[in-house]
Protein chains: 2
Amino acid sequence: MLEALVKSGKALSAYEIRDYCCNQLGYDLLPMSVYRILEFLENNDLVHRLNTSSKYIACSHITCPHDHEPPQFLICKSCHRVEEVSMPDRVIKTVTQATRLAGFQLASKQLEIDCYCTECTLTKDTSA
Amino acid sequence: MLEALVKSGKALSAYEIRDYCCNQLGYDLLPMSVYRILEFLENNDLVHRLNTSSKYIACSHITCPHDHEPPQFLICKSCHRVEEVSMPDRVIKTVTQATRLAGFQLASKQLEIDCYCTECTLTKDTSA
DNA sequence: CGCAAGGTCGTTATAACGTAACATTCTGCA
DNA sequence: TGCAGAATGTTACGTTATAACGACCTTGCG
């Protein structure tokens, strides 16, 4: 399944992962298994769940030796491309502060941000 | 439906709205209608959709005369309470900048942030 | 060994969220 | 009135996710 996510190079839903495994890799998985394996992969920081789209994406630091920082995702509203980035500490700090000001405590530094990627921005501009 | 969201005082899924309308208000709605009405309410800034939980919540500024700023939401991971806040411009600015640095263009200033609310933070602390 | 306790995994069924597609009704206008 | 197009009702289905249960298998101990 990790292979499927890495090879596809994009965010897949659980059922898309299943199809990929079945069609490309020859593994026949039931939904329940997919979710169980995804849970394991998430716990081990190999895969991230995108809450806004209910999809899953291979962590872009799988092969890195260093620690896994909670990621931020830029998600293109138009082509659904996902970029995993590490925003400057400053950003996280200001969000944390603002959250605390409202009396809440930040639970996760993962952010999912609605964007347009460079390509789609250009396309939009020329078509408009 | 707006009445249902306001009276319930929390985020409801489309089907919960439907149940509320049916049981408490005596309106019998089919899912399709609920979604169509939600679309209208969203377009008119009366309701916000929470992407991370697929729920809907009445805009907390329904009765305000002033403009509707894109909201930020603090969402309690534990009790699912939702607080609609307006984060300082500074926060949005830093996020926008960081996004642009990565070559993306911010599409929406709505942020949904994983938190623990004050109560749940306390509960956690005492139980731990 | 043989058995019980507990865990993993396969399987079925179903809940929850959302939309496509088409029928019907309403509304405004020639 | 009669027609076009919009709004609304209705059915069916697609997608995401989990509950529930049983088969099997490991492991530890008498």
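Chain identifiers are assigned alphabetically (A, B, ...) following the order of the sequence lines, protein sequences preceding nucleic acid strands; residue numbering begins at 1 within each chain. Because the structure is a prediction, the values reported are computed rather than measured.
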What side-chain donor-acceptor pairs closer than 3.5 Å can you find for residues 6-13 of chain A, not counting sequence neighbours?
from	atom 1	to	atom 2	distance (Å)
Lys7(A)	NZ	Glu3(A)	OE2	2.8
Ser8(A)	OG	Ala4(A)	O	3.4
Ser8(A)	OG	Leu5(A)	O	3.3
Ser8(A)	OG	Lys10(A)	N	3.3
Ser8(A)	OG	Lys10(A)	O	3.4
Ser13(A)	OG	Tyr15(A)	N	3.4
Ser13(A)	OG	Glu16(A)	N	3.1

Could you list the donor-acceptor pairs under 3.5 angstrom formed by side chains in residues 27-48 of chain B, with sequence neighbours left out?
from	atom 1	to	atom 2	distance (Å)
Asn43(B)	ND2	Glu39(B)	O	3.2
Asn44(B)	ND2	Phe40(B)	O	2.7
His48(B)	NE2	Glu84(B)	OE2	3.4

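Straight-line distance from the CD atom of Glu39(A) to the C1' atom of dC9(C): 14 Å, rounded to whole Å. Atom pair Leu38(B):CG and dT19(C):P shows a separation of 11 Å (rounding to whole Å applied).
In this structure, Gln110(A) and Asn51(A) approach most closely via the heavy-atom pair NE2-ND2, 4.5 Å. The two residues Cys76(B) and Tyr116(B) come nearest to each other via the heavy atoms SG-CA, 3.9 Å.
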Might you list the N or O atoms of the protein lying below 3.5 Å from N or O atoms in nucleotides 21-26 of chain C, with each pair's distance?
none

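Between the CG atom of Leu50(A) and the CD1 atom of Ile57(A) there is a distance of 6.0 Å, given to the nearest 0.5 Å. Taken from CG in Asp114(A) to NZ in Lys109(B), the straight-line distance is 13.5 Å, to the nearest 0.5 Å. Residue Ile113(B) holds its CD1 atom at 12.0 Å from CD of Glu83(B), rounded to the nearest 0.5 Å. In this structure, the separation between CD on Glu112(B) and CD on Gln72(B) is 10.5 Å, given to the nearest 0.5 Å.
Between the side chains of Thr121(A) and Gln105(B), no donor-acceptor pair is found at a separation under 3.5 Å.
Annotation: proximity of residues 9-26 of chain A to DNA chain D (heavy atom, distance under 4.0 Å) is found for Ser13(A), Tyr15(A), numbered in ascending order.
Cluster note: Ile92(B) groups with no other residue, as no ILVMFWY side-chain heavy atom lies under 4.5 Å from it.
Contacts between chain A and DNA chain D, taken as any atom within less than 4.0 angstrom of a protein heavy atom, begin and end at dT16(D) to dA19(D).
Between dG18(C) and Ser54(B), a contact under 4.0 Å exists linking OP1 or OP2 to a side-chain N or O.
Nucleic acid contact for Phe40(B): none, since no nucleic acid atom lies under 4.0 Å from a heavy atom of the residue.
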